[in-house]
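Data block below; observations after.
Index from 1, following the sequence. Remember, it's 1-based here, ligands and their atoms both numbered in the order they're listed.
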Amino acid sequence: MNGTFDRACDVIPGGVSSPVRAFRAVGGTPVFVTRAEGPYVWDENGRRYVDLVGSWGPALLGHAHPAVVAAVARAAQSGLSFGAPTVAEVELAEEVRRRVPACERVRFVSTGTEATMTAIRLARAATGRDLIVKFSGCYHGHSDALLAEAGSGVATLGRPGSAGVTEGAARDTVVVPYNDLSAVVEVFARLGDRIAAVITEAAPANMGVVPPEPGFNAGLRDLTRAHGAQLIADEVLTGFRVGPGGWWVREGIEPADLYTFGKVLGGGMPIAAVAGARAVMELLAPLGPVYQAGTLSGNPVATAAGLTTLRLADGEVYQAVDHASVRIRDGVSLALRAAGVVHRAQSAGSLFSFFLGVDGAVRTFADAQRQDSKLFARFFHAMLDEGVYLPPSGFEAWFVSATHDDDVCDEVIRAAEVAAHVAGASG
Ligand SMILES: Cc1ncc(COP(=O)(O)O)c(C=O)c1O
């Protein structure tokens, strides 16, 4: 325990504003961050860490990029929130469409959770059907319908994945193993005329990184089209991070009906979006019957951060991020191997993660759950001791930025050489 964490726990449930920050998966007390710049964060004692969390994705350019901070300051000076449309919002929507042409219309919200929740409402309205198909291990935020977890069968009507979610909400969600197209075929054969949408992480990174197998996303496109269901590509994490247009564009997959974005879209400020084909997007109020609204939606300060971030995210930025991700992934993998730590490294574009204690391919959530969480916890704390702040769970991706240059990558790899021995030896 440390004093600040005790104080936090006395007023905030678990001491944190979002659960994974609490270090429950790795033990110990969370780092309270006071400052971040480039590839680094500093704790309340002034200790500096190389940051591989990157605010869970948004920090593509590195923390506190001077141009983004200046744009935010300028916007703030002009007023924090208007509750009226702005030109910058239009520019941000145009930038999204430029990068992902299938996004003919874009509606801004404040969080990824709102984006996926709205996408589902739109899909239900467009099809007049109730059921949603989601994949086990994919995370789409914390709305009721998407907090269903798999039942015991291969493709089951969901059970509530959280206390407080009704059986009814979970029953309208069918949970299917990831990367198992035949299970999706079977679900459509059984329930096809009741399925409103399939929602999938464009490339999953919330069960560790589990890339879609070749043909999986294209297969979802074919199946949904054949059965008159909507396909929702959740790019909250991958959008504008794994490439200028996100995963779907990068892989050249036939467009989805609806997309969700967040994280990099706001460059560290709360902005997210649901976007897609004009016909379905124009079901939204005020044009159509699907209600959706938000006091702070398209907030001008957040919009300024997002617009500046996207304008700066050019080919050079993506090259730098890709380069850093390969260097760190391969360097850490080598360090783990040298220390005799069995592991599997997996990537989807610049997203990557390690499954410690696993030596075969991780294709599904069940595979991901075979990892040795205690081994990861030891590795995590040894890395922290060496000055590297990893995501505090083996079920999370590691995030790099364009400021993770070769010297920073070397710092991470040197730390991993020490931490791999500590973790491997103390089993
Ligand atoms: C793929 C995906 N979708 C949706 C969300 C929810 O976004 P938010 O945390 O902004 O509500 C997340 C958050 O991590 C995510 O990774």
Side-chain angles (χ1 to χ4, degrees), residues 16-22 25 52-60 100 107-123 132-149 161-162 173 175 178 197-212 217 220 231-243 246-248 250 256 258-276 292 294 296-299 302-303 305-306 309 348-353 365 368 391-393 395-399:
V16 292
S17 297
S18 194
V20 75
R21 299 177 196 171
L52 293 174
V53 176
S55 183
W56 301 98
L60 182 76
V100 189
R107 169 63 59 89
F108 292 116
V109 292
S110 299
T111 65
T113 295
E114 280 176 87
T116 56
M117 186 182 77
T118 305
I120 279 172
R121 190 174 301 151
L122 274 169
I132 302 297
V133 176
K134 85 170 278 287
F135 296 98
S136 185
C138 282
Y139 178 67
H140 305 289
H142 61 95
S143 68
D144 282 3
L146 294 171
L147 279 184
E149 60 183 29
S162 157
T173 306
V175 185
Y178 191 67
V198 172
I199 183 167
T200 186
E201 278 189 64
N206 283 290
M207 49 176 148
V209 173
V210 179
N217 283 333
L220 297 181
L231 179 60
I232 304 169
D234 182 353
E235 297 244 25
V236 167
L237 224 163
T238 46
F240 319 122
R241 172 164 275 282
V242 297
W247 184 265
W248 224 260
R250 177 193 158 112
L258 289 164
Y259 295 77
T260 52
F261 302 106
K263 305 218 184 228
V264 172
L265 177 65
M269 296 288 284
I271 198 160
V274 54
Q292 183 281 328
L296 294 177
S297 292
N299 171 272
T303 300
T309 297
S350 58
L351 294 166
F352 63 100
S353 76
F365 188 40
S393 159
F395 290 90
E396 304 291 350
W398 296 19
F399 296 97

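- The main-chain N or O of Y139 is found under 3.5 Å from a side-chain atom of E201 such that the two form a donor-acceptor pair.
- E235 and T238 share a donor-acceptor pair across their side chains, judged by distance under 3.5 Å alone.
- Not a single donor-acceptor pair under 3.5 Å links the side chain of T113 to the backbone N or O of S143.
- Among protein residues, T111, G112, T113, Y139, H140, G141, E201, N206, D234, V236, L237, K263 come within 4.0 Å of ligand 1, judged on heavy atoms.
- Side chain of E114 to main chain of T111: a donor-acceptor pair is present (N/O by atom type, distance under 3.5 Å, no hydrogens or angles).
- Residues passing the side chain to side chain contact (heavy atoms under 4.5 Å, CB included) test with A275 are C103, V106, F261, sequence neighbours excluded.
- If you check the side chains of T116 and D234, you find no donor sitting under 3.5 Å from an acceptor.
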